[in-house]
Novice: 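Please see the structure below; I have some questions.
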There are 2 protein chains.
Amino acid sequence: MPITLKQLSLLAGAHPSTVARVLHADPRQRVSAELRERILQLAREHDYRPNSVARSLRTKRTAVFGVLIPDIANPFFASVLRGMEDAAAERNYSIILTNTDDQPAREAHGLAMLRDRQVDGLLLATARLHDSAIEQLAREQTPFVMVNRHTEPITPNAVVPDDYAGAVAAIEHLLELGHRRIAHIAGADDASTGYLRRQAYLDTLRSHNADTFDDQAALLVRGSFREAGGYTAMRTLLELPDPPTAVFAVNDLAALGAIHAIIEAGLRVPEDISVVGFNDLFHASHMAPNLTTVQVPHRAMGVRAVERLLDMVVDGVMPESPLLMPVTLIVRQSTAPAPQRQPGASTHRRATPAS
Amino acid sequence: MPITLKQLSLLAGAHPSTVARVLHADPRQRVSAELRERILQLAREHDYRPNSVARSLRTKRTAVFGVLIPDIANPFFASVLRGMEDAAAERNYSIILTNTDDQPAREAHGLAMLRDRQVDGLLLATARLHDSAIEQLAREQTPFVMVNRHTEPITPNAVVPDDYAGAVAAIEHLLELGHRRIAHIAGADDASTGYLRRQAYLDTLRSHNADTFDDQAALLVRGSFREAGGYTAMRTLLELPDPPTAVFAVNDLAALGAIHAIIEAGLRVPEDISVVGFNDLFHASHMAPNLTTVQVPHRAMGVRAVERLLDMVVDGVMPESPLLMPVTLIVRQSTAPAPQRQPGASTHRRATPAS
DNA sequence: CTGAAAGCGCTTACAG
DNA sequence: CTGAAAGCGCTTACAG
């Protein structure tokens, strides 16, 4: 059992309030040097540590932030969380984690639990473009920051990748390689990431080929943010009479699934089909082949989100505008010049064994 | 501002203690049906939710577990944490996360912070074989469970992979493939994982070749649990006059680094050198080549650890013996029969281009 | 069946 | 310079 303030004050022969003042190094304190020394000495001897729960009840501050994340086992979110925890620890804040699996019921449950625990603010990596739970938080003036995804229209308390610019860079890279049949494996379009990357895809292709481009005919397939979605979407694309020579996947996991489908169909990446991902997951550089992708500064995004939340909660400073984290196209081995299509050549040709 | 119990009791025209009893569905409660209904109704209307901080101060229970993890950005620990959070949420417990980067100072700081927050128990993924911080916790009777690593000798509050059996399976697999020069890239030997996997390596080779085996001459190199360590260790091995034909790495990250070094040297995996990892990381199956590895049930390990801690803290049930999670050798593409060594053939030969 | 009170361990405005 | 008191929002043993 750790020692309490009261016990300490008994030992020191001083009133608890005096002890508290000394321990807080209250600037207005004017305690005699001798008494202060005695108190400090005893606190050290008995390793006195204030009970945060009691302090929180009194001060109405917990120094805890609640985090809602779809799935911490997804390495992207793990990096973001690492950044959050580092930035929080720096200011003696702690992080309580809740996984939601993108299920509104789990989100609601997590939010309620976090509020019951009186967290000082929330970090949400779960925003949908129209998100009633988040609108509710805004109405209640609960301090929160959105990370990675934002609601529509974007608000100053958002810290997100520059999805649009990243997707434009990816598509332009493919165009420069000579690709003309460029597909997009889209994510959920109720998430800003999925929506913006898809929009950038459509806009870039349209502006590049204003005369003939037709949104309806675009090689746009709904996938998901996960591997299985990328796999299924790619199979759909491969069955087209005239399949794409390049694919921009909404993220690295979907790209991974797409590559599986391509290889399974006996085609090669990048010789037959180029693939670009998004995020630059921990292992994007270890995949077969190494993935060309749009790098998002995951960890820094977590850091910045917490810094903004601390500004709001501790310093009362509201952000003026959303923070778009800069992204970078990293060209690796999964993209190559468009193959020369021989008219009439089978698009389902087997990869010729190299030997 | 959420409503408090006191405000609610005013509205109900009943005493706070009565309201509390109704809300807790106290079995011994014998409140008139009418009053109970009125209170319940008002609580619903005003969305009354008890303040956990106040409750915790009173009950001396926070329903929070503290977690010490080396690095949540490591996908292995991310999976473990996911399991922990799932199992905790099931019982309305929350998780506060602290990253330590395996630095004792950060561990001490994290532990102090978690204790100040009055967590009900600790989940430690940071144990060293001789760990004074953990010995201290044991002395103080703080409830805690060790995950993935344990102190020496192993105690009942440990939930760890069956490291020894997994490593034996890996080595036997290589022996069956005809390998005789089998190296080990070891991890830190002050961690049970590193220590046991190394011991299993030595024991298995020794028993397989009792006459000629010499511990001192074993192809044992100190690496680390991270990629860079595997890379450096492999380079050392490749410079030997008679390099190994197979390598058992202490974990998948080290295996990844080793594969880099092998490929960089112009050799092939598995044709020239077989590689086995440990853990089966999320991306072990996506690496080039797909990694043969010992699968550890990461998520389940987190779940079981929390269940044990809940048993201890909530139900007062102490575990009788440590829990060794079963592991499985997964044979993929990074292992193959030992190459036929031609006497005098250069071991640093370039891979012959396949075409 | 319900009320009144104590108290968890702090912090802080109020006195003197 | 330091003490005495109130109170954060609960829970629970004690009365009646």
Side-chain angles (χ1 to χ4, degrees), chain A residues 1-40 42-43 46-64 92 112-113 115-120, chain B residues 1-40 42-43 46-64 92 112-113 115-120:
Chain A
M1 274 283 95
I3 191 174
T4 68
L5 187 68
K6 195 166 163 190
Q7 293 169 321
L8 195 63
S9 70
L10 249 39
L11 292 170
H15 196 270
S17 55
T18 306
V19 175
R21 263 178 246 132
V22 169
L23 261 21
H24 287 208
D26 185 334
R28 298 191 320 271
Q29 87 177 246
R30 307 209 290 147
V31 181
S32 68
E34 182 214 19
L35 179 57
R36 185 199 296 116
E37 260 325 303
R38 194 164 72 237
I39 290 172
L40 254 24
L42 281 165
H46 297 270
D47 190 27
Y48 170 72
R49 313 223 67 196
N51 178 324
S52 313
V53 173
R55 169 181 287 169
S56 294
L57 180 61
R58 174 64 225 239
T59 62
K60 299 182 170 297
R61 283 285 179 87
T62 51
V64 174
N92 290 313
M113 180 275 287
R115 284 155 47 102
D116 293 352
R117 294 198 183 280
Q118 317 294 121
V119 297
D120 290 349
Chain B
M1 274 283 93
I3 191 174
T4 67
L5 186 68
K6 194 168 165 190
Q7 294 168 322
L8 194 63
S9 70
L10 250 39
L11 292 170
H15 197 270
S17 55
T18 306
V19 176
R21 261 178 248 130
V22 169
L23 262 20
H24 286 209
D26 184 336
R28 300 190 320 271
Q29 87 175 250
R30 306 209 289 148
V31 181
S32 67
E34 182 214 18
L35 180 56
R36 185 198 297 115
E37 260 325 303
R38 194 164 73 237
I39 290 172
L40 254 22
L42 281 165
H46 295 271
D47 190 27
Y48 170 73
R49 314 223 65 195
N51 178 323
S52 315
V53 173
R55 168 181 288 170
S56 293
L57 181 59
R58 176 62 226 241
T59 61
K60 297 181 171 299
R61 283 283 180 88
T62 51
V64 174
N92 289 313
M113 181 275 286
R115 285 155 45 102
D116 293 352
R117 294 198 183 281
Q118 317 294 122
V119 298
D120 290 349

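Every chain is numbered from 1 and lettered A, B, ... according to where its sequence line falls, protein lines coming before strand lines.
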Novice: Nearest to the side chain of B:S17, heavy atoms from C-beta on, is which of D:dT2, C:dG3, C:dC10?
Specialist: C:dG3

Novice: Quick one: are A:L42 and A:I3 in side-chain contact, heavy atoms under 4.5 Å?
Specialist: no

Novice: Rounding to an integer number of Å, can you tell me how far B:R36 CZ sits from C:dT2 P?
Specialist: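 It is 9 Å, rounded to the nearest whole Å.
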
Novice: Looking at C:dG9, D:dG9, C:dT11, which one has an atom nearest to any side-chain atom of A:R55?
Specialist: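 The closest nucleotide is C:dT11.
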
Novice: Can you find a side chain N or O atom of A:Y48 that sits less than 4.0 Å from OP1 or OP2 on C:dG9?
Specialist: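 Looking at the OP1 and OP2 atoms of C:dG9, neither is under 4.0 Å from any side-chain N or O of A:Y48.
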
Novice: Measuring from the side chain of B:T59 (C-beta onward, heavy atoms only), which nucleotide among D:dT12, D:dG9, C:dC10 has the closest atom?
Specialist: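 Out of D:dT12, D:dG9, C:dC10, the nucleotide with an atom closest to B:T59's side chain is D:dT12.
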
Novice: Would you give the length of the straight line joining atom CZ of A:R55 to atom CZ of B:R117, rounded to the nearest 0.5 angstrom?
Specialist: 10.0 Å

Novice: Select one nucleotide: of C:dG3, C:dG9, C:dT12, the one nearest the side-chain heavy atoms of A:A20.
Specialist: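 From the listed options, C:dT12 comes nearest.
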
Novice: A side-chain contact here means heavy atoms from C-beta on lying under 4.5 Å apart; do A:L23 and A:L40 qualify?
Specialist: yes

Novice: From CD of A:Q118 over to P of D:dG9, roughly how many Å is that when rounded to an integer?
Specialist: 9 Å

Novice: Looking at OG1 of B:T4 and CZ of B:R49, how far apart are the two atoms once the value is rounded to the nearest 0.5 Å?
Specialist: 15.0 Å

Novice: Report the distance from atom NE2 of B:H15 to atom P of C:dT2, rounded to the nearest whole Å.
Specialist: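 These atoms are roughly 13 Å apart.
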
Novice: Over how many whole Å does the gap from A:L23 atom CG to C:dC10 atom P extend?
Specialist: 10 Å

Novice: Closer to the 5' end of DNA chain C via nearest nucleotide, is it A:P16 or B:T18?
Specialist: B:T18

Novice: Nearest nucleotide by nearest heavy atom, which residue falls closer to the 5' end of DNA chain C, B:A14 or A:T4?
Specialist: B:A14

Novice: Measure CG/B:L5 against C1'/C:dG3 and give the value in whole Å, please.
Specialist: 14 Å

Novice: For A:R38, which residues count as a salt bridge (Lys or Arg N to Asp or Glu O under 4.0 Å) partner, sequence neighbours excluded?
Specialist: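 None.
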
Novice: Any donor-acceptor pair, under 3.5 Å, between the side chain of A:R21 and the base of D:dG3, if you only look at N and O atoms?
Specialist: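 It does, because a donor-acceptor pair links the side chain of A:R21 to the base of D:dG3 below 3.5 Å.
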
Novice: A:K60 side chain N/O closer than 4.0 Å to the phosphate oxygens (OP1, OP2) of D:dG9?
Specialist: yes

Novice: Expressed as a whole number of angstroms, how long is the span from A:N51:CG to C:dC8:C1'?
Specialist: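 My rounded result for the distance is 8 Å.
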
Novice: What distance separates A:H15 NE2 from A:R21 CZ, expressed to the nearest 0.5 Å?
Specialist: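 Rounded to the nearest 0.5 Å, the NE2-CZ separation comes out at 9.0 Å.
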
Novice: Please state how far atom CZ in A:R58 lies from atom C1' in D:dA5, giving the value in whole angstrom units.
Specialist: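 Rounded to whole Å, this separation is 11 Å.
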
Novice: When rounded to the nearest 0.5 angstrom, what is the spacing between CG in B:D120 and OG in B:S56?
Specialist: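 So the CG of B:D120 and the OG of B:S56 are separated by 7.5 Å.
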
Novice: Of the nucleotides D:dC10, C:dG9, C:dC10, which has the atom closest to the B:L57 side chain?
Specialist: C:dG9

Novice: Nearest whole Å is fine: how far is C:dG3 C1' from B:I39 CD1?
Specialist: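 Checked: the CD1 to C1' distance equals 12 Å.
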
Novice: In dot-bracket form, how is DNA chain D paired, counting a Watson-Crick or G-U wobble pair only if both its distances are under 3.5 Å and using | for bases paired to another strand?
Specialist: |||.||||||||.|||

Novice: Going from CG on A:L11 to CD1 on A:I39, what distance comes out if it is rounded to the nearest 0.5 angstrom?
Specialist: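 Separation between the atoms: 11.0 Å.
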
